[in-house]
Amino acid sequence: MNGIIDLSAFRVVLAYLFVIIVLVIVRLRGINREKEIVISSLRMTLQLILTGYILVYVFRYPNPFITGGIIFLMEAFSVYTIFKKFKGKLSASLKKVVVISMSIGTLSCLLYFLLVVVRITPWYNPQYFVPIAGMLIGNSMTGISLGIKSLIEGMTTQKALVEEALILGATPQVATRSIINSTFDAAILPTIQSMVGMGIVFLPGMMTGQILSGTSPTTAIAYQIAIMFGILGAVALTVIIMLQLGYRTFFNKEDQLEDQLYKV
Amino acid sequence: MFEFYDVKYKDVLDLPKLEIKQEEITTFIGASGSGKTTILRMLNKLISPTQGRIIFNGTDLRQINSVAHRRTVSMLSQSPAIFDGSIRDNLNVGLRFQERELARDKDLNHILEQVKLNKPLEASANTLSGGEKQRLALGRILLLNSKVYLLDEPSSALDDETEEMIIQMLTEHVKREKKTIVMVTHSKAIAEKYSDTIIEISKGRCLTWRCNDERNN
């Protein structure tokens with residue numbers, strides 16, 4: 001294996017040419033997005049530089065509390081991002097459901113993946129814990145976001161059908177079954193589709209990173225296959241927990257549809 | 001069967017006392033927005049009073065499981081939602097929701113005859129007209145064979161002739177099977193002709209409450 005080509009700061013700056021190309025395109029097309037593109041590019045750069053230095057320290061001095069703290073921060077930030085995305089649209093009970101489903105869904109898959117599939121030592125090894133947690137939590141966050149959007153839309157647009165089912169003697173669970181199924185489907189579809197094109201249409205980020213850093217492609221592929229199943233499991237688990245608990249938030253204790261479906 | 005004690009619902013209803021008798025046809029009349037539909041929704045436990053009590057056969061409705069109650073007291077809403085699928089699917093949907101055995105085609109066709117809907121069971125329910133959908137929904141709740149039927153403007157989308165036939169069929173069915181109907185209608189004529197008791201609601205309050213003497217005699 002050849003050693004990795006070191007990317008100097010100057011060469012990274014050269015990559016900003018791509019940002020400039022996008023800025024030129026939006027300017028010429030009259031699309032008002034320059035500010036967001038500049039801010040998000042700079043923010044991404046600063047965040048990653050900072051994260052790089054923090055990870056260097058964390059990897060050098062592994063500690064279960066620091067690893068746990070990082071995972072907690074990742075979870076908290078993902079939940080915050082979801083709340084921000086649906087600002088004013090989530091009831092207090094649906095917010096609780098998001099916290100529970102993100103925590104249980106991602107942590108159980110993360111622990112299974114690291115302790116049973118990869119079998120890391122020590123069990124809190126941040127070199128594995130942090131990047132894999134990032135992938136599972138990030139993808140689950142996207143899945144939950146899609147799920148919430150679809151659940152709220154379904155419960156709003158199909159309110160008459162849900163109520164008709166209740167009138168005809170259905171339990172809330174049965175009355176919302178088709179909404180929950182289609183929401184689950186919508187939430188995990190992107191993950192399934194990304195698996196279909198993987199290795200042929202594109203090489204996924206983690207695998208690319210491993211190959212660039214000198215890991216054998218076969219090892220990188222083994223990790224990628226396992227992590228994709230981990231992501232699929234985490235997304236599916238978080239979304240189904242969210243849906244199983246979330247649909248109930250649209251009903252009161254007397255199995256009646258709440259007047260206000262969600263906070264507006 | 002149903003007794004109301006100081007029932008209030010937000011600022012829509014205020015009913016200090018009301019009684020709906022078993023095996024009778026009780027009809028609520030009144031202007032639109034007077035609170036008639038709210039009463040039916042409370043009787044079906046789709047909503048609960050914000051104040052006061054409703055007693056059903058001696059038990060406070062709050063103590064009765066809502067799903068179990070809705071399986072005893074079937075409601076036909078004014079604009080019933082129709083599910084994707086065939087007429088057969090829509091007729092059977094209530095039985096399916098209640099985890100009961102689905103009806104045979106012979107029984108389904110009999111129900112269609114009763115509600116004057118001359119369509120094949122395989123036909124798509126979504127292509128039916130408003131009046132046909134209303135009759136399909138009526139057939140759907142008749143198939144549930146409940147003790148009590150709550151009917152919200154059951155004939156609002158029907159022409160006069162069909163309306164007369166349907167209401168007559170319903171009242172005969174109810175009297176024969178010793179069931180109870182609580183109905184909301186805008187039609188005083190229908191109320192006078194078929195009801196045992198007529199209750200007029202105005203601005204959420206009970207304006208008049210009378211036995212239909214003409215009918216009872």
Side-chain angles (χ1 to χ4, degrees), chain A residues 91-94 97 147 149-189 240 243-264, chain B residues 9-10 12 38 40-50 54 60-85 90-100 125-126 133 136-137 139-146 149-152:
Chain A
S91 61
S93 45
L94 199 51
V97 167
K149 184 171 178 282
S150 178
L151 179 67
I152 291 174
E153 272 176 13
M155 291 299 293
T156 309
T157 58
Q158 296 183 46
K159 187 184 175 191
L161 284 173
V162 173
E163 190 169 271
E164 191 67 33
L166 293 179
I167 287 172
L168 291 167
T171 59
Q173 187 179 25
V174 170
T176 53
R177 184 175 288 160
S178 67
I179 295 174
I180 289 178
N181 286 351
S182 60
T183 298
F184 181 75
D185 192 40
I188 65 160
L189 203 58
I240 201 67
L243 290 173
Q244 285 300 327
L245 300 174
Y247 85 87
R248 272 300 327 180
T249 66
F250 291 83
F251 298 87
N252 62 21
K253 284 178 185 167
E254 294 193 86
D255 292 334
Q256 297 164 340
L257 270 175
E258 291 281 14
D259 276 354
Q260 215 174 350
L261 278 176
Y262 56 88
K263 264 171 63 183
V264 179
Chain B
Y9 184 76
K10 298 180 180 169
V12 179
T38 305
L40 284 199
R41 289 170 67 82
M42 286 201 295
L43 296 179
N44 191 239
K45 247 197 128 183
L46 272 181
I47 52 174
S48 294
T50 45
I54 299 176
D60 193 323
L61 259 190
R62 280 175 296 198
Q63 290 166 6
I64 300 174
N65 177 281
S66 301
V67 174
H69 180 70
R70 291 179 200 130
R71 292 179 182 185
T72 313
V73 177
S74 292
M75 183 166 126
L76 174 70
S77 46
Q78 192 174 354
S79 305
I82 297 297
F83 296 86
D84 283 340
N90 269 274
L91 285 172
N92 268 323
V93 75
L95 294 170
R96 189 174 289 120
F97 285 147
Q98 297 187 14
E99 294 164 335
R100 288 161 59 183
N126 280 320
K133 283 179 180 170
L136 175 63
R140 187 162 71 188
I141 69 158
L142 286 178
L143 206 57
L144 296 174
N145 200 21
S146 307
Y149 294 120
L150 309 173
L151 310 174
D152 192 358

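Just so it is clear, the structure is predicted and the values come from calculations on it, not from any experiment. Per chain, numbering begins at 1; letters A, B, ... match sequence-line order.
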Non-hydrogen atoms of chain A under 4.5 Å away: do they reach the side chain of B/Leu144, the backbone, both or neither?
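Only the side chain of B/Leu144 comes within 4.5 Å of chain A.
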What part of B/Ile82 gets closer than 4.5 Å to chain A, counting heavy atoms only: side chain, backbone, both or neither?
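Answer is backbone: N, CA, C or O of B/Ile82 sit under 4.5 Å from chain A.
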Just by distance, do the side chain of [X] and the backbone of [Y] share a donor-acceptor pair under 3.5 Å?
X: B/Arg71; Y: A/Gly169; value: yes
X: B/Gln98; Y: A/Leu168; value: yes
X: B/Ser66; Y: A/Glu254; value: yes

I need the minimum non-hydrogen distance between B/Ala81 and A/Leu161, along with the two atoms involved.
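Scanning both residues completely, I find the closest heavy atoms to be CB-CD2, 3.8 Å.
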Among the listed options A/Ile167, A/Thr171, A/Leu166, the residue most often paired with chain B at heavy-atom distances under 4.5 Å:
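Highest number of pairs under 4.5 Å: A/Ile167.
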Count the heavy-atom pairs under 4.5 Å between each of A/Pro172, A/Ala160, A/Ala165 and chain B, then report the option with the highest count.
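Top count of heavy-atom pairs under 4.5 Å with chain B: A/Ala165.
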Spell out the residues in residues 177-186 of chain A that have some non-hydrogen atom less than 4.5 Å away from a non-hydrogen atom of chain B, in order of number; otherwise answer 'none'.
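Counting heavy atoms that sit under 4.5 Å from chain B, no residue of residues 177-186 of chain A is involved.
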By ring-ring contact (aromatic ring centres under 6.0 Å, His included) - contacts of B/Phe97 (at least two apart):
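With neighbours one apart ignored, the set is B/Phe83.
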Please test A/Gln256 against B/Ser48 for side chain to side chain donor-acceptor pair (under 3.5 Å), starting from the C-alpha separation and ending with a verdict.
CA-CA 9 Å; A/Gln256 297 164 340; B/Ser48 294; 2.8 Å; yes
Would you list the pairs meeting side-chain hydrogen bond (donor to acceptor under 3.5 Å, both in side chains) in which at least one residue belongs to residues 74-83 of chain B, sequence neighbours left out?
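Qualifying pairs, neighbours excluded: A/Glu164-B/Ser77, B/Ser74-B/Ser146.
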B/Arg96: partners by salt bridge (Lys or Arg N to Asp or Glu O under 4.0 Å), with sequence neighbours left out
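B/Arg96 satisfies salt bridge (Lys or Arg N to Asp or Glu O under 4.0 Å) with no residue once adjacent residues are dropped.
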